[in-house]
S.K.: 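Let me give you the structure first, and then I'll get to my questions.
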Amino acid sequence: QASPDFAATSGDVAEDPPPRFKWGQTASKVFLTIGVKELDKASVRVSIDENRLTFNARDSLGKGYALDLELAQDVDPDGCHWEHLPRRERWGDAVLATLLKRFPSPWEALLVDPPPAYRRVM
């Protein structure tokens with residue numbers, strides 16, 4: 001099942017802005033693709049807990065990007081992983097996080113309470 005793409009803008013310039021991301025799902029997994037133009041691959045840090053995913057990275061100019069997502073449903077952290085995708089996405093170099101759902105069933109939403117900064121991209 002395909003889900004909408006999201007873009008975010010940050011109202012607070014003191015924080016690293018969120019990168020663009022999109023997500024999709026199967027009955028047992030959620031796939032989250034995060035894109036950063038000119039990504040410094042060595043800088044990528046992804047942490048996956050039972051109900052949260054965090055992403056931190058920098059581009060080649062040193063600009064930081066950060067995501068802190070409270071997931072709508074629980075995942076099994078031991079069954080989750082992330083990787084650099086070999087091909088570029090339209091938003092830049094991509095990181096794919098594969099999340100194993102704790103309870104296999106469709107998710108109505110990715111996040112518990114999406115922040116106002118997130119908007120749909122058509």
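Not measured: the values here are computed from a predicted model. In what follows, every heavy atom counts, from backbone to side chain, and hydrogens, waters and symmetry copies are set aside.
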S.K.: Does the side chain of Leu99 reach to within under 4.5 Å of the side chain of Trp23, using non-hydrogen atoms?
M.R.: no

S.K.: Only pairs under 3.5 Å count here: list side-chain donor-acceptor contacts from residues 57-65, not counting sequence neighbours, and write none if there are none.
M.R.:
from, atom 1, to, atom 2, distance (Å)
Arg58, NH1, Gly62, O, 2.8
Asp59, OD1, Leu61, N, 2.9
Asp59, OD1, Gly62, N, 3.0
Asp59, OD1, Lys63, N, 2.9

S.K.: At their closest point, which heavy atom of Pro19 faces which heavy atom of Ala66, and how far apart are they?
M.R.: CD-O, 3.6 Å

S.K.: Under the side-chain hydrogen bond (donor to acceptor under 3.5 Å, both in side chains) rule, collect the residues that match up with Arg87, sequence neighbours excluded.
M.R.: Glu89

S.K.: Side-chain polar contacts of residues 69-83 - donor-acceptor pairs under 3.5 angstrom, sequence neighbours left out - could you list them?
M.R.:
from, atom 1, to, atom 2, distance (Å)
Asp76, OD1, Asp78, N, 3.2

S.K.: Tell me who clusters with Leu85, hydrophobic residues only, linked when side chains sit under 4.5 Å apart either directly or through other members.
M.R.: Phe31, Leu96

S.K.: If two hydrophobic side chains count as joined below 4.5 Å and joins carry through other members, does Leu100 share a cluster with Leu110?
M.R.: no

S.K.: What pairs with Ser47 under side chain to side chain contact (heavy atoms under 4.5 Å, CB included), at least two apart in sequence or on another chain?
M.R.: Asp49, Thr54

S.K.: According to the salt bridge (charged side-chain N to carboxylate O under 4.0 Å, His left out) rule, which pairs have a member within residues 98-115, sequence neighbours left out?
M.R.: Glu50-Arg102

S.K.: Within this structure, what is the CD1-CG distance for the pair Ile34 and Leu53, rounded to the nearest 0.5 Å?
M.R.: 5.5 Å

S.K.: So, using side-chain hydrogen bond (donor to acceptor under 3.5 Å, both in side chains) as the criterion, who are the partners of Lys37 when residues are at least two apart?
M.R.: none

S.K.: Under the salt bridge (charged side-chain N to carboxylate O under 4.0 Å, His left out) rule, collect the residues that match up with Asp93, sequence neighbours excluded.
M.R.: Arg88

